Number of protein chains: 2
Amino acid sequence: MGNAPGSLESLRRTNRLRVLQTVQSRGAASRADIVRLTGLSRTTVSSLVAELVSESLLVERPDQQPPPASPNGGRPATLLTLDPGAGGFLGMHFGHDGLRVAVADLSCTVLDEEQRTMDVEEHVGDAFGHACEMAARLLGRLDLAVSRVVGLGVAVSAPVRHDSGAIASPSPLKGWDDVNVAEELDRRLGLPVYVGNDANLGAVAEWMFGAGRGVDDFVYVMLSDGIGSGIMLNGRLHLGATGTAGELGHVVVSPYGFVCRCGNRGCLETVAGGRALTAALSQVTGPNTTLDDVLRLARAGDPGARRAVQDAGRAVGRALSGLCTMLNPRLIIVGGRTGAAGEPLLDGIRASLAREVSPPVNGSVGIVPGSLGERAEVLGAIALAHRMTPAAALTGRAGGSAAGTGTAGGRVI
Amino acid sequence: MGNAPGSLESLRRTNRLRVLQTVQSRGAASRADIVRLTGLSRTTVSSLVAELVSESLLVERPDQQPPPASPNGGRPATLLTLDPGAGGFLGMHFGHDGLRVAVADLSCTVLDEEQRTMDVEEHVGDAFGHACEMAARLLGRLDLAVSRVVGLGVAVSAPVRHDSGAIASPSPLKGWDDVNVAEELDRRLGLPVYVGNDANLGAVAEWMFGAGRGVDDFVYVMLSDGIGSGIMLNGRLHLGATGTAGELGHVVVSPYGFVCRCGNRGCLETVAGGRALTAALSQVTGPNTTLDDVLRLARAGDPGARRAVQDAGRAVGRALSGLCTMLNPRLIIVGGRTGAAGEPLLDGIRASLAREVSPPVNGSVGIVPGSLGERAEVLGAIALAHRMTPAAALTGRAGGSAAGTGTAGGRVI
DNA sequence: GGAACTTACGCCGAAGAACGGAGAAAGTAG
DNA sequence: CTACTTTCTCCGTTCTTCGGCGTAAGTTCC
């Protein structure tokens, strides 16, 4: 068979893929654009495009906007785009207090999304049911058959085991211990499913769509009730030996502090997690204060709330300082609900880093807020499906994504 | 030109390289072996091998050992090896108290090496001069012309700037601030020079030849007078945004401890560096104790020395704990002179990690001593030259590695 | 409105690369 | 000496990319 890398057929497959990726990354491109971007010859591109069009992976868009209308005349290019009917990606996010579903086309442009608040922890089965309903509704609105969806990405607010794809136990999502999300959703939808941790996928999302575009080494910090992070190195997500890298919430910052649910003492989460923030303010605001209350107060300028947020930032900075010294990242992106608190938080982080990281390294790392807000995780789930899919499903098209796909579809990023 | 990836010529170049790498990794291989290992067809391999032999990159070794002598007869294979005369790599290491030079053939087998103790810091120029002399002597013994050396790797016990390749300033090597090692050695030898930090190259060496073989995510910790580390992630060395990643010695472990030369306070180096170890024992052993004295005592079983070493290990473990939680590496390799202290040191590290890293993550990381000892850095330098070279020098052979090579040869790994 | 120009695109034959079949080479087993 | 096995090379076929040339479809200038 000609599957071996190094064969002629594999060369053509590679070039097909490069054409597809070029179109995908630009949204729309003419054959001439593709020539310029790939370095392939006009005639090769022409032939590859013809093939792809005949397989209805690409479509011509004669109507489309005039591409800047070439400087001094010439025949206008006919733009090509991915065939919207050729398929799409689904993304889901299961968080502590709700779920979110989104649909994107093959070029990862989000077409529609839905959000729903519910108690995800109590009723695992219901959560899956609702997510599937929402997905079906979205696909219906877009007139896209389920069988055309080439992949489903799922973000879960819990560590995902590298080997099995199951949720680690004990999990921060109560009731989700050892649940195999990939198998479950594959069974219900018959799609290849890819599961990832929410902080990791937030990092991927910021890298593809947000504040991390064009940056290949950064750390995405997700501050909400829990604290997690995603580490992007050399343009790849770093998962670690067992797939649980990035557990920023369990970096020790206070060796004789509170005992943490992980069994250690003084983890960052006990100092800067949601519970710590509300506890810090509880003498002022009462025992039933929620994290969102604290954040609302801080945004409104309440000095106590701002102080609490800033102190949390300081602790986060201490937890990050060793990592910055060791990894020397270009950027730290701060997201999550607490992350939206903005300047007081970022100032706290910057202050700690300035104290504990050597000046040249500290000077080379930027601290910025994430730009995707609460949507980061779903978008990351879609990006995950996108990154796991292309080679197999867009080029080979061997069998059917229709029947079964086996259970083995599930893999972490 | 046919340089573009995706062209036919590039395909052939790729396949040539695969053939070369196959021979290289096995030391010797027949054409039939190459067929089995690469998946290319017999006839393609035959043609590629003929080409490579005619360029005297490969040689036939009809004499060579009988390859297990095929199970039931058949024409015996003629083995191929890299042509020993085709070239080689040079490696150099400039440490605080001496330098080391080694020569390897194209398959990275070390053929010969020399070591010399001297004050590298005082006389920078002399250090270069001696290194070049040693290199010339080694090449002479092996009857290898300088013009056949395809690359020179250099390990320096100081941070190397990512952009310029110059030594960072202030540098732990006195007198080396802003020295551009690559330019200097290129000028003297007319070779492509690649410069790297010693801890980083130690990591590369352990990965290629030592305790890190087959492991793609590990941290190499180098404990000597100074403390550094090299971080191998996904089979690539992680350098960071400005090329100074891995500065383990400047991770803060004691916020109100001694001020460090980097300007911060309580860096690991102030607690576990050579000076800290000797100071800890100075009341017992006198003011002129050296690091090697302490290590000798510890090896001999002196309780005080062992205690000091173990405490240093504890501090190292604290500095590493956050990194382990965040990166979840598979392995930590401990090298350097203090690293040779063995169990008391490793026990200290393990104790701290057990305290500060969550059990599942802690359980998945191994702590082992390096297996290359004082040779790690030179070997890493050779590995660096090897990794930076192949595609250009072994396949293209366009111009001359003879004249000039310009100054642009110098690049970090 | 028409000529000149520019750019985009497709067809054709050429050059190059890998592959499969047939056959020669070089051993072992009986 | 014969049968057998494995290695390796030569030849013709197939596949892919590439450059040249011709055509299509606009803009600019007069």
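Just so we're on the same page: letters track the sequence lines, and every chain starts at 1. None of the values given here were measured: they were computed from a predicted structure.
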Report yes if at least one side-chain N or O of [X] is closer than 4.0 Å to OP1 or OP2 of [N]; otherwise report no.
X        : N       : value
Asn15(A) : dT16(D) : no
Arg42(B) : dC10(D) : no
Arg13(B) : dA17(C) : no
Thr78(B) : dC8(D)  : yes
Arg12(B) : dA18(C) : yes
Thr44(A) : dC18(D) : yes

Checklist entry - Which of the following nucleotides, dC19(C), dG26(D), dA26(C), is nearest to the side chain of Pro76(B)? => result dA26(C)

Checklist entry - Taking the side chain of Arg36(B) as its heavy atoms from C-beta onward, which of dC19(C), dT7(D), dG16(C) lies nearest to it? => result dT7(D)

Roughly, in whole Å, what's the span from [atom1] in [X] to [atom2] in [N]?
X        : N       : atom1 : atom2 : value
Glu51(B) : dA17(C) : CD    : P     : 8 Å
Leu79(A) : dT7(C)  : CG    : P     : 17 Å
Leu8(B)  : dT16(D) : CG    : P     : 10 Å
Glu9(B)  : dC18(D) : CD    : P     : 9 Å
Arg31(A) : dG10(C) : CZ    : C1'   : 9 Å

Checklist entry - Between Arg16(B) and Glu9(B), is the closest basic N to carboxylate O distance under 4.0 Å? => result no

Next on the checklist: If you count every heavy atom of other residues, nucleotides or ligands that lies below 6.0 Å from Arg12(B) atom CZ, does the total exceed 12?
Outcome noted: yes

Checklist entry - Would you find more than 12 non-hydrogen atoms of other residues, nucleotides or ligands less than 6.0 Å from Arg330(A) atom CZ? => result no

Next on the checklist: Can you tell me how far apart CG (Asp105(A)) and CG (Leu111(A)) are? Round to the nearest 0.5 Å.
Outcome noted: 5.0 Å

Next on the checklist: If you assign Ser30(B) and Leu11(A) each to the DNA chain D nucleotide with the nearest heavy atom, which residue ends up on the more 5' nucleotide?
Outcome noted: Ser30(B)

Checklist entry - Does a distance-only test, which skips hydrogens and angles, find a donor-acceptor pair under 3.5 Å between the side chain of Arg75(A) and the base of dA25(D)? => result no

Next on the checklist: Assess the residue pair His386(B) and Leu106(B) against the criterion (side-chain contact (heavy atoms from CB on, under 4.5 Å)); give the C-alpha distance rounded to whole Å, side-chain angles, the decisive distance to 0.1 Å, and a yes or no.
Outcome noted: CA-CA 8 Å; His386(B) 171 73; Leu106(B) 289 181; over 6 Å; no

Checklist entry - Just checking Arg18(A): base, sugar-phosphate only, or nothing, at a heavy-atom cut-off of under 4.0 Å? => result nothing

